[in-house]
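Take a look at the structure below.
In this chain, residues are counted from 1 in sequence order. Worth saying up front: this structure is predicted, and the values here are computed from it rather than measured.
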Amino acid sequence: MPPPTTSLVRVEHLTRRFGARRGITDVDFRIDEGEVFGFLGPNGAGKTTTIRILLGLYRPTSGSVRVFGLDPGREAERILQRVGYLPGELALHPGLTGAQHLDRFARIRGLTDRRYRDQLVERFGAELDTPARALSKGNRQKIGLVMAFMHRPDLLVLDEPTIGLDPLVQDEFADLVRETVADGRTILFSSHDLDEVQRLVERVCILRDGRVVVTAGVESLRRTSPRTIELRFEQPPQPDVFERLDGVQVRSSDGGRIELSVTGEVAPMLRAAADQGAVDITARRADLDELFRGYYRGEQGAEASDGD
Ligand SMILES: Nc1ncnc2c1ncn2[C@@H]1O[C@H](COP(=O)(O)OP(=O)(O)OP(=O)(O)O)[C@@H](O)[C@H]1O
């Protein structure tokens with residue numbers, strides 16, 4: 001039996017309306033201790049609204065939310081003590097430098113040991129001596145990231161954390177995410193970067209028009225998503241041999257080359273390829289971009305699974 005997991009966040013039938021405008025409708029998910037959980041979805045899907053409810057910044061219209069077993073509507077203070085939050089629209093005081101922001105924040109958090117903070121500043125190359133008004137977007141974001149991570153919170157809630165960051169700083173962020181979960185802590189982040197989500201996230205929740213369209217493990221999505229196989233033959237093969245196989249689609253065929261999309265088991269396709277005298281094979285790793293984009297477009301139907 002797998003070891004029991006503890007849900008740090010549990011959301012059930014969560015709905016929030018803004019007057020006549022819809023915010024989110026009937027949202028359900030859980031986040032387990034020590035995982036990286038990703039929120040994806042088109043603009044206006046409801047990611048920020050959900051995050052704000054978790055932190056007690058918005059009240060739900062209906063439904064239930066627990067973070068560390070606490071109700072954000074009544075116990076936000078206790079929740080926030082254990083959270084590092086990077087808001088989507090980071091508001092820094094224009095006249096204060098990065099160092100002043102970090103000092104203020106350390107005082108609020110009662111943080112006296114500056115070593116981890118200093119390491120983070122160095123890793124991100126955060127500029128500490130410039131007033132926030134003169135910082136570029138990426139450099140403001142680095143200050144926000146240091147503020148979110150520096151007190152080693154149990155739960156990090158990061159709304160589009162890598163927006164504006166250059167690729168080297170994005171790599172540093174990715175390392176930090178891995179180290180944080182290796183330390184048993186938990187991360188929720190929203191992103192529009194599908195590639196980043198595939199690299200970092202263990203379970204993903206895709207929202208669309210305020211509803212959950214899927215919640216699933218990224219690895220299980222990868223296992224079930226189609227992979228592209230290109231086969232080469234000395235003599236043109238018979239494409240219908242492949243078309244008859246379950247889960248196989250012929251994308252194109254051209255003389256001795258055939259390109260297939262294969263979902264699920266590959267063995268029957270490999271046997272057919274050998275029977276036809278294949279001389280070469282190229283397989284491309286399943287890419288979730290297309291699958292994610294399908295969910296964004298609403299093509300996959302709105303069934304919420306909760307895989308591994
Ligand atoms: N304060 C508010 N007042 C009115 N409507 C709001 C408010 N906040 C959010 N909404 C509405 O709720 C819906 C979800 O918005 P939300 O900001 O949560 O989306 P999002 O997924 O974070 O989008 P993005 O990717 O653009 O940041 C939208 O229709 C939005 O207009």
Cationic N near anionic O, under 4.0 Å, Arg107 to Asp103
no
Looking only at heavy atoms, the pair that brings Gly138 and Leu165 closest together is O-CD2, 3.7 Å
Got Glu75 and Arg78 here, is their nearest side-chain heavy-atom distance under 4.5 Å?
yes
Just wondering, are more than 12 heavy atoms of other shown residues or ligands nearer than 6.0 Å to CG in Asp129?
no
Answer yes or no: are there more than 12 heavy-atom neighbours, outside Asp246 itself, under 6.0 Å from its atom CG?
no
Any donor-acceptor pair under 3.5 Å linking the side-chain atoms of Thr215 with those of Arg203?
no
Asp195 bridged to Arg199 by N-O distance under 4.0 Å
yes
Of the non-hydrogen atoms in Leu40 and Ser191, which two are nearest, and what is the gap between them?
CD2-O, 3.2 Å
If hydrophobic clusters are built from ILVMFWY residues whose side chains come within less than 4.5 Å, do Met269 and Val241 share one?
no
Taking everything shown except Glu12 itself, do over 12 heavy atoms lie less than 6.0 Å from its CD?
yes
Of all heavy-atom pairs between Arg257 and Arg232, which one has the smallest distance, and what is that distance?
CD-NH2, 3.5 Å
Is Glu179 salt-bridged to Arg123, going by a charged N under 4.0 Å from an acidic O?
yes
Without swapping roles, check the side chain of Thr228 against the backbone of Ser261 for a donor-acceptor pair under 3.5 Å.
no
Answer yes or no: is there an ion pair linking Arg115 with Asp118, defined by an N-O contact shorter than 4.0 Å?
no
Is there a donor in the side chain of Glu196 and an acceptor in the side chain of Thr162, or the other way round, less than 3.5 Å apart?
yes
Atom CD of Glu243: over 12 foreign heavy atoms under 6.0 Å:
yes
Ile229 side chain reached by Thr282 side chain, heavy atoms, under 4.5 Å
no
Please state whether the rings of Phe18 and Tyr58 are parallel, tilted or perpendicular, taking 30° and 60° as the class boundaries.
perpendicular
Determine whether Arg271 and Asp275 satisfy the following criterion, salt bridge (charged side-chain N to carboxylate O under 4.0 Å, His left out), listing intermediate values before the conclusion.
CA-CA 6 Å; Arg271 273 193 289 274; Asp275 289 348; over 6 Å; no
Looking at Arg82 and Asp154, is any side-chain nitrogen of the basic one under 4.0 Å from a carboxylate oxygen of the acidic one?
yes
Restricting to non-hydrogen atoms, name the atom on Asp159 and the atom on Ser190 that form the minimum distance, rounded to 0.1 Å.
OD1-OG, 2.6 Å
Please tell me whether Phe149 and Tyr116 form a close aromatic pair, meaning their ring centres lie under 6.0 Å apart.
no
Is there a donor in the side chain of Arg10 and an acceptor in the side chain of Ser7, or the other way round, less than 3.5 Å apart?
yes
Write down the atom of Lys47, the atom of Pro42, and the distance for their closest heavy-atom approach.
NZ-O, 3.2 Å
Going by atom types only, do Thr180 and Asp183 share a side-chain donor-acceptor pair under 3.5 Å?
no
Test applied, side chain to side chain contact (heavy atoms under 4.5 Å, CB included); reference residue, Asp193; option that passes from Gln198, Gln170, Glu160:
Gln170
Should Val9 and Phe68 count as side-chain neighbours, where that means a heavy-atom distance under 4.5 Å?
no
With heavy-atom distances below 4.5 Å as the criterion, would you say the side chains of Leu8 and Val67 are in contact?
no
